[in-house]
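Some notes on the structure that comes next.
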Amino acid sequence: MVGVYELSKGDFSVKVTNCGATVTSVVFPDSKGNLGDVVLGYDTIAEYVNGSAYFGALVGRVANRVANARFMLDGKVYHLYANDGKNTLHGGHRGFSKVIWTVKEYVSGGDTPHITLYYHSFDGEQGFPGALDVYVTYELSSPYVLSVRMKATALDKATPVNLAQHTYWNLGGQGSGDVLGNTIQLFASHYTPVDSTLIPTGQVAPVAGTPYDLRAPTAVGAHIRQVSGGSSNGSTIYGYDMNYVVDGDEHALRKVAAVRDGASGRGLELWADQPGVQFYTGNFLKDVKGKDGKVYEEYGALCLETQGFPDAVNHPGFPSQIVRPGQGAYKHDMVFKFSF
């Protein structure tokens, strides 16, 4: 059974569907008091099922890319579903963003409106080893604060786990144009450079002196023609699609990013407890029919996906994503603080 569940606290509301544990809308005022929906999405559940942009989705079992759709764990090679050229992206052809989750708890209003969703991932799903129990809770934890809590427990085999929340943000309002004039600040002094297929080289490089240096508030569009986000039909796609190494203790809840839209006065601050964050500027959006008749184009939103490093299963030097039965669960907390 698929539904859409609203959480509301005054003039702040969030809608979630159990199809892909997906955030379908986030509504709060601008500086003039006008309510606006600041996340990209679709009008119907069917479009979420068939869409390829991962709007608002909870992606896994392993978010981001796995090189050549394979990895070795405890001496055994596992072959995954290649859905991004030769690589696996966001868990494969039918990752967690494409499955129906079970609603475990739903409180629409009151002090802490929240919804908890559950998914049982079976052994061998999309090629990954072992059964996995996965929970995500979306909660309006205080006025204009959205908390996301993810937890995954390996039941019978060791497995990589890397969950990410893939909401596309446009603080001016979904479908209001591009986000190139937004200011972005990333609390990250290093990044993981990638090859032409967006697979990390294994290096961890300083952002200083590169167009990836966003440690001071910077217009999203300031250096966008200097960064390549892959290619399409042989031509370079410009834009950010890069994993940053978040400063500080990789397991501590800490400030990751701040975004501000000058026109609306809306702001977003993200805190999380993961080693990395993927900063993506909607480079591949083109003529996407979105909500309320809006059409989304290139740079029509930005994503801030806290995560373990991409392709960590094939890079022993990256923080491990392996979760083992009986040795503690995978946990990932995010806090979005909105302002206007």
Between [X] and [Y], what is the ring plane arrangement, given parallel below 30°, perpendicular above 60°, and tilted in between?
| X | Y | result |
| --- | --- | --- |
| W101 | Y119 | tilted |
| W169 | F336 | tilted |
| Y244 | Y191 | tilted |
| Y168 | H166 | parallel |
| F279 | Y240 | tilted |

| message | For Y296, does the six-membered ring have the charged nitrogen or CZ of K294 within the cation-pi criterion, i.e. under 6.0 angstrom from the centroid and within 45° of the normal? | response |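 No, cation not above the ring by the 6.0 Å, 45° rule.
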| Honestly, is R266 close enough over F28, meaning NZ or CZ under 6.0 Å from the six-membered ring centre and within 45° of the axis? | yes
| message | Ignoring hydrogens and geometry beyond distance, is a side-chain donor-acceptor pair present between Y54 and E305 at under 3.5 Å? | response | no
Expected output: side-chain [X] to main-chain [Y] donor-acceptor under 3.5 Å:
| X | Y | answer |
| --- | --- | --- |
| D273 | D333 | yes |
| D133 | T153 | no |
| S228 | Y238 | no |
| K98 | V49 | yes |
| D37 | Q174 | no |

| Under-4.0 Å salt bridge between D213 and R215 | yes
| task | List, by chain and then residue number, the residues other than V204 in its hydrophobic cluster (Ile/Leu/Val/Met/Phe/Trp/Tyr, side-chain heavy atoms under 4.5 Å); write none if there are no others. | result |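 Noted: V204 shares its cluster with V245, F309, F318.
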| said: Taking the ring of Y81 and the ring of H79, is the distance between their centroids below 6.0 Å? | reply: no
| query | Can you tell if the side chain of Y144 reaches within under 4.5 Å of the side chain of D11, non-hydrogen atoms only? | reply | yes
| query | Applying the side chain to side chain donor-acceptor pair (under 3.5 Å) test to Q278, which of D241, T192, T306 qualifies? | reply |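 For Q278, the side chain to side chain donor-acceptor pair (under 3.5 Å) test succeeds with only one of D241, T192, T306, which is D241.
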| field | With sequence neighbours excluded, residues passing side-chain contact (heavy atoms from CB on, under 4.5 Å) with S339 | value |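 Applying side-chain contact (heavy atoms from CB on, under 4.5 Å) to S339 gives R260.
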